[in-house]
Amino acid sequence: MQQNTGISGYVLLLTIQFVFIVIFAIYTDYDTDLRPKDGAQSEPGFIVPKYGHFQDIHVMIFIGFGFLMTFLKRYGYSATGLNLFVAALCIQWAILMRGFFEMEHGTIKLSLTNLIGADIAAASVLISMGALLGRISPIQLLVMGLIEIVLFASNEYLQIELMKIVDVGGSITVHAFGAYFGLAASFILRPSKENAKAGELEGASYTSDIFAMVGTVFLWIFWPSFNSALVDGPEQERAILHTYLSLAACTVTAIILSALVSKDNKLDMVHIQNSTLAGGVAVGSVVNLLIHPSGALIIGTFAGALSVIGYRYLSPKMLEKMRLADTCGVHNLHGMPAVASAFFSAIFAYFATKEAYGDSLYTIFPGMKNSTMLEDEHEMIIGGFGRSSEKQAAFQLLAILVTVSIAIVGGMFTGFVLKSPTFRPLQTHELHKDDIYWETPDGHEYNRDEHLQ
Amino acid sequence: MQQNTGISGYVLLLTIQFVFIVIFAIYTDYDTDLRPKDGAQSEPGFIVPKYGHFQDIHVMIFIGFGFLMTFLKRYGYSATGLNLFVAALCIQWAILMRGFFEMEHGTIKLSLTNLIGADIAAASVLISMGALLGRISPIQLLVMGLIEIVLFASNEYLQIELMKIVDVGGSITVHAFGAYFGLAASFILRPSKENAKAGELEGASYTSDIFAMVGTVFLWIFWPSFNSALVDGPEQERAILHTYLSLAACTVTAIILSALVSKDNKLDMVHIQNSTLAGGVAVGSVVNLLIHPSGALIIGTFAGALSVIGYRYLSPKMLEKMRLADTCGVHNLHGMPAVASAFFSAIFAYFATKEAYGDSLYTIFPGMKNSTMLEDEHEMIIGGFGRSSEKQAAFQLLAILVTVSIAIVGGMFTGFVLKSPTFRPLQTHELHKDDIYWETPDGHEYNRDEHLQ
Amino acid sequence: MQQNTGISGYVLLLTIQFVFIVIFAIYTDYDTDLRPKDGAQSEPGFIVPKYGHFQDIHVMIFIGFGFLMTFLKRYGYSATGLNLFVAALCIQWAILMRGFFEMEHGTIKLSLTNLIGADIAAASVLISMGALLGRISPIQLLVMGLIEIVLFASNEYLQIELMKIVDVGGSITVHAFGAYFGLAASFILRPSKENAKAGELEGASYTSDIFAMVGTVFLWIFWPSFNSALVDGPEQERAILHTYLSLAACTVTAIILSALVSKDNKLDMVHIQNSTLAGGVAVGSVVNLLIHPSGALIIGTFAGALSVIGYRYLSPKMLEKMRLADTCGVHNLHGMPAVASAFFSAIFAYFATKEAYGDSLYTIFPGMKNSTMLEDEHEMIIGGFGRSSEKQAAFQLLAILVTVSIAIVGGMFTGFVLKSPTFRPLQTHELHKDDIYWETPDGHEYNRDEHLQ
């Protein structure tokens, strides 16, 4: 029974891979920069712009998220292997879904830009995966990813292109979206009352905690690239500086608070692995604005504190009162800091002036352009051009509201889909355990020895 | 006895290091770009071209290959330590051997280009090491590396400079060469019939499998850099795009097939660690051609399936019928996908036209140049310039034939050298075990507790 | 009692974080490049110069040092977590302390350059941490970092700006400073005679040794970026080439010597993890000079041998005779190779001529400029401009003498501060053990099972 469901699910996924090939064959082509050029070839030593940023983000998606999720004592194969599987499927799907919104003459033109966008889209799915880690099957996970990418791409286009909100680091479109989508799905898939306790396997071993630090530290290191990949020039360098400072202050604050709120004032690896990163999320929507270096430190400090307090006090309550499990605590790392970031973006947009920003005001906040500044005079956006800074601030708040709403509705819908008996939901003794889906070298001995791990 | 053999081998290697110093002193010098310049210095912020690509490849060679080989439960010191040792020796030797073919006025001019070439050459040795992992001593390994680099450099020069074949990602010159060289040596070193079974240590532990994923994922991430390092402009960006897409499709296919062909339809970490990478190999020789994005997906899908099937059905047969052991399964990750890549390159060369490629036809396929296009009219290549696309296709097939032949003959020769009693081949109980060559913290207890690992 | 000291220490650190925010608010601002520009924005694809180098160094500081220190069997949480904590605090403090020396109109102008400088400053603290690893508390560690950054920044300014010494790879200002500072503090904190033996936990487990290799290999890979980050053009490419060659030769030599000097001629992971890196330190002060590729190999070979011999013979003597513990052996990896590098720099400075270096002589050795070459004729440096090459050589020796002196005095002072009962020094049974400061999943069982690890 289990095997058969598994097989049909895998065969379905294989079919989807073939469908992707057909869609790519019909709808995609090289962007102009990738086509052969006659005459003078590119200058020697020319490197595709942003390739370094792309590779940094690539490390975050595949090493960062993958290893961050290895913290469970018996779920490391799934963390690293399914992270790779989900991301490899989602990046193909994201290239298509994001591309459909920006086709030219019926063709999606591919270049490195699409790969960066696809990697970022995959991040939102991996965040949702974190909320559900160990509690859904590989097939459920991939189905979730396929649904989520559709909604992600739609919401991203809505916020960035149609509503012209500012969110260079993706706090609203990626972090908030991914976190609340995953939490909503988790809520629908919540266990019955008798099974709502954290199981014996829902914790770390000494070794698995150190593997998780590989993920944490690579995320920490390359976060400035994530937050600065989509901007250029002074904005890019500000994004790098702000992310660096916010993460530094966040790390110091999170680790100190970890000791202050934990049992016996000992440090808790959960906080070190996750809350130290909240500064990267919280600064994401304002990362290219003139927030001053000290502003970045304040945001980081706030985010570190918020995240630790969330892990320590809020998550247990959510599990107890709502049976809302959140394996990796994405609400504390991605959800709340992202909402905070949206509020920060409203505040800094409110105070943005032509005096401070000069001409860059209109590249940073394209909705503030007058109609005379538009390259295409027929261009329309939701809410119209010529926004005041107050109106832009309101749009920033609207963006987080709409994004979280879409994420929650989409996540709940996905939860209901995954709850269908077709997918054979996992039983309690199968949770957080590689051995259900993986050939494990010592699986037959695992139960006997698990107290020794 | 053992120790003495070891000592003389290590002393020999130390002598070789001193010989390298002397050869470098006599035959190498800085390239012009590295010499002091008078007058205007370079513009601020100028970075050595391709340095980012170099560092990505550097991570693949030293972290990627090193950690990929940690999957054996008791061979992690050797995997990471000997990988570093072998590569550090081979890169020096490769700078010299590759340099001898391209000396100017009796001097090898060194720049970053030589370092990239040396790293790629080391990759071929590390692939061969994968075939023999755990079954030869450190000294045998290093002797193999010294022989292999000579043949690698010769064959690379033959294929790229003299026969002008297309192989930007090194599938023919690096992957096929390294794999069949290692397999041929493994065949000569095959055990007697009574010892041909896989030993108890020839498998993974739960922890060692996760360490191996560090290698897998870094190889996966930076493979686009490996495949695009030697081209510029549109070719470079196509190489990045194709490798990304091929790996994504390969990963999805390999993981699905892993479940479909494995016992109880469970996923097998061997496939996840290795077969997910086959798409990078299979696209290597065509990575800069106009294969269309969907062509990259098809190649990746094919490679993923080929590799998993190889691991599941072919490797056990090779071991059973021929006693041909292949510890890491390099035949499935590097060998077969590389041969496939050569066939793909013949197909795409066959259909290459001036209409599609424009002037870049002659930079991509230099053998198709007319004599009028040559900068040096006396330049000669094997088979002559002015090739038709059909003839170029035939040369692509010749290239894989010649490369595999040289690799097999060279590997067998090396196998006979290593079989010499001088090197004291390992005995059965010494296989796949760090404790023979390393001080291990718990070595004295290992045998007693090994069933617990 | 323990908890209370801990709490007040953590509250103190939190206060310091708030003080940092205030100082940043008052004294820092964006550099001109980060300010909004009117008119033409930067060209598309423009990346902040040196951002790739910065990220490579960032990996070294946070992954490299962090994981290198995981080698202790029961100190991996501290190695990775406290590395992150200390570095995150020190980079903020280093931006301020280094900035105070170079303020313009009372403001520290921030750009990527400051972040690179801050990361390098943090390296010196992490080196000192290596000497004391497992023997001081988190609070003591952070207090040490705060003191050390002050002295580091002062000495760096003294050597580079006021004495105009050559030290592009930071061997003198970073490696020698950090090592002797840590050793001096360790000496003051030396245990009583009865407790001077290495404890049971002062060693590796099989798994922890492989984690440490993650750190080693990333340090190895990116060392060329560390050594070339502060130079441009031909100097940068020479720095890359020299570091690559020095590390390769060092690795081969260190691993061979490890076998030759160890018990039963087995390889020792301590040497592989550390001594293979000594070539990067030893070449640091001469990395941009015309040392010829073979010179880099000779320096690397020397450093590898020196470091292994230090680990094998010198460190045990220092522990036995002086009770001077050096957990990571920073004296062998950073201390002695850095002093050697200073001597090499004196030798190569001595033989530096206008004929060999051309105009770059004066950018490399600014102290050799005549007064006519100065942009600001009132500029003054210690010892004066117009130095002969012999005088520059003497200054190189003076630099290492002054640096080591400041480090030793500063380290001893810090040791006395940390010895204060305020900080509740660790007791013997608390050494090298995460469980004192961390919630550990299996802590309550650790003592019982520790012989199995």
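What you see is a predicted model, and the numbers here were worked out from it, not measured in a lab.
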Subject >> Test item: side-chain donor near acceptor, A:Asp268 and A:Ser258, under 3.5 Å >> reply: no
Subject >> Between C:Thr107 and C:His105, a side-chain donor and acceptor under 3.5 Å >> reply: no
Between [options], which has the largest tally of heavy atom pairs under 4.5 Å with chain C?
{"options": "A:Ala249, A:Cys250, A:Gly52", "answer": "A:Ala249"}
{"options": "A:Ile221, A:Asp56, A:Ile240", "answer": "A:Ile221"}
{"options": "A:Ala259, A:Ser228, A:Gly203", "answer": "A:Ala259"}

Original post:
Is it the backbone or the side chain of A:Ala254 that comes under 4.5 Å from a heavy atom of chain C, or both, or neither?
Top reply: neither
**OP:** With a 4.5 angstrom heavy-atom cut-off, could you sort out which part of A:Leu289 is near chain C: side chain, backbone, both or neither?
**Re:** backbone
Subject >> Side chain C:Ser208, main chain C:Ala204, donor-acceptor under 3.5 Å >> reply: no
Original post:
Judged by atom type as modelled, is there a donor-acceptor pair below 3.5 Å linking the side chain of C:His432 to the main-chain atoms of C:Leu201?
Top reply: no
Less than 4.5 Å to any heavy atom of chain A: does that hold for the side chain of [X], its backbone, both, or neither?
{"X": "C:Tyr27", "answer": "neither"}
{"X": "C:Thr207", "answer": "side chain"}
{"X": "C:Ile23", "answer": "neither"}
{"X": "C:Leu142", "answer": "neither"}
{"X": "C:Asp29", "answer": "both"}
{"X": "C:Tyr77", "answer": "both"}

**OP:** Could you tell me the separation between the CG atom of A:Leu361 and the OG1 atom of A:Thr353, rounded to the nearest 0.5 Å?
**Re:** 7.5 Å
Original post:
Does C:Asp434 come within less than 4.0 Å of A:Lys266, counting only side-chain N to carboxylate O?
Top reply: no
Original post:
Between A:Leu290 and C:Tyr30, does a side-chain contact (heavy atoms from CB on, under 4.5 Å) hold up when you go through it step by step?
Top reply: CA-CA 9 Å; A:Leu290 293 171; C:Tyr30 301 115; 3.8 Å; yes
